[in-house]
Amino acid sequence: MRFASLGSGSRGNGTLISQGDTTLLVDCGFSAKEAEKRLQQMGHTAADLTAIVVTHEHADHISGVRVLARKYQLPVYATAGTAGCLAADVADYIHEFSCHEQFEIDDIEVSPFPVPHDAREPSQFVFGNGKVKVGLLTDVGSITPVIEQALSGCQALLLEANHDLTMLDNGDYPDHLKYRVSGKMGHLNNVQSSSLLKKIDTSQLQHIMAMHLSEKNNHPDIVTTAFSEALNCQQDWIGIADQALGFTWRDIT
Ligand SMILES: [Zn+2]
Ligand SMILES: [Zn+2]
């Protein structure tokens, strides 16, 4: 099983999960044209995709979904709440799923779980092949027991580290945005993400990638320090998903 990122952050997200001939694009917050370009840089084309899986309806996760789905006839997997927010002309492509039920897309097992975030029916995922699991968690304001259980024992974690609380406090965001970002339905700060890493079973972890970093309210060095302390590992083992470049394919063995 392998995974890659087309880019991660408030200006667009897209994650690739691949097993055998099955490749899923989780979210497409880039224009279809931009996503096609970024896919090509990863050695893929949109025509190779098996499906698009959508976490929630915020623009940084769905901007390119409509055009990409229609152009390449791709099924779009979304919860009923998220699907209701997508353009009417993608309705024919929608496969609704429940946040509480595992399902399969060809070679990949998809285990969704609900998360607290200010969207209609947001979901995050664990993707598996029967042997190894990749956990994805971004756009989450607070950690729940469901999240802890879902992400325990994964071989790879793609985990939001959105902001450093002090940088957010001292930054120039208007107050309402500071409250939204740091609220229970907002985004995870570095301390929350690090606490999660300390709490769950990471004994099988082969890859840890920090996701959805704020370009204004966080810095990769702070995240690297926090995550390496939480996992008691070397700093160079911590990966950071870049807004412009994402990260290239990583294999789980
Ligand atoms: Zn987002
Ligand atoms: Zn969001």
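Remember, it's 1-based here, ligands and their atoms both numbered in the order they're listed.
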Inset, instruction - Apply side chain to side chain contact (heavy atoms under 4.5 Å, CB included) to L137 and I143, showing your working. - result: CA-CA 10 Å; L137 183 73; I143 299 297; 4.2 Å; yes

Inset, instruction - Look at the side chain of K178 and the backbone N and O of G171, then say whether any donor-acceptor pair between them is shorter than 3.5 Å. - result: yes

Legend entry - Under 3.5 Å donor-acceptor, N13 side chain and D60 backbone: yes

Inset, instruction - Considering only NZ, NE, NH1 and NH2 on the basic side and carboxylate oxygens on the acidic side, decide whether R120 and E57 come within less than 4.0 Å. - result: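 No salt bridge links R120 with E57.
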
Please tabulate, for the side chains in residues 245-253, all donor-acceptor contacts under 3.5 angstrom to protein atoms that are two or more places apart in sequence or on a different chain.
residue : atom : partner : partner atom : Å
W249    : NE1  : M42     : O            : 2.9
R250    : NH1  : H207    : ND1          : 3.4
T253    : OG1  : Q206    : OE1          : 3.4

Legend entry - Candidate list H212, H163, H58, test ring pair (Phe, Tyr, Trp, His ring centres under 6.0 Å), partner H187, passing option: H212

Inset, instruction - Spell out the protein N/O/S atoms under 2.8 Å from the Zn ion (ligand 2) as residue plus atom name. - result: H56 NE2, H58 ND1, H117 NE2, D139 OD2

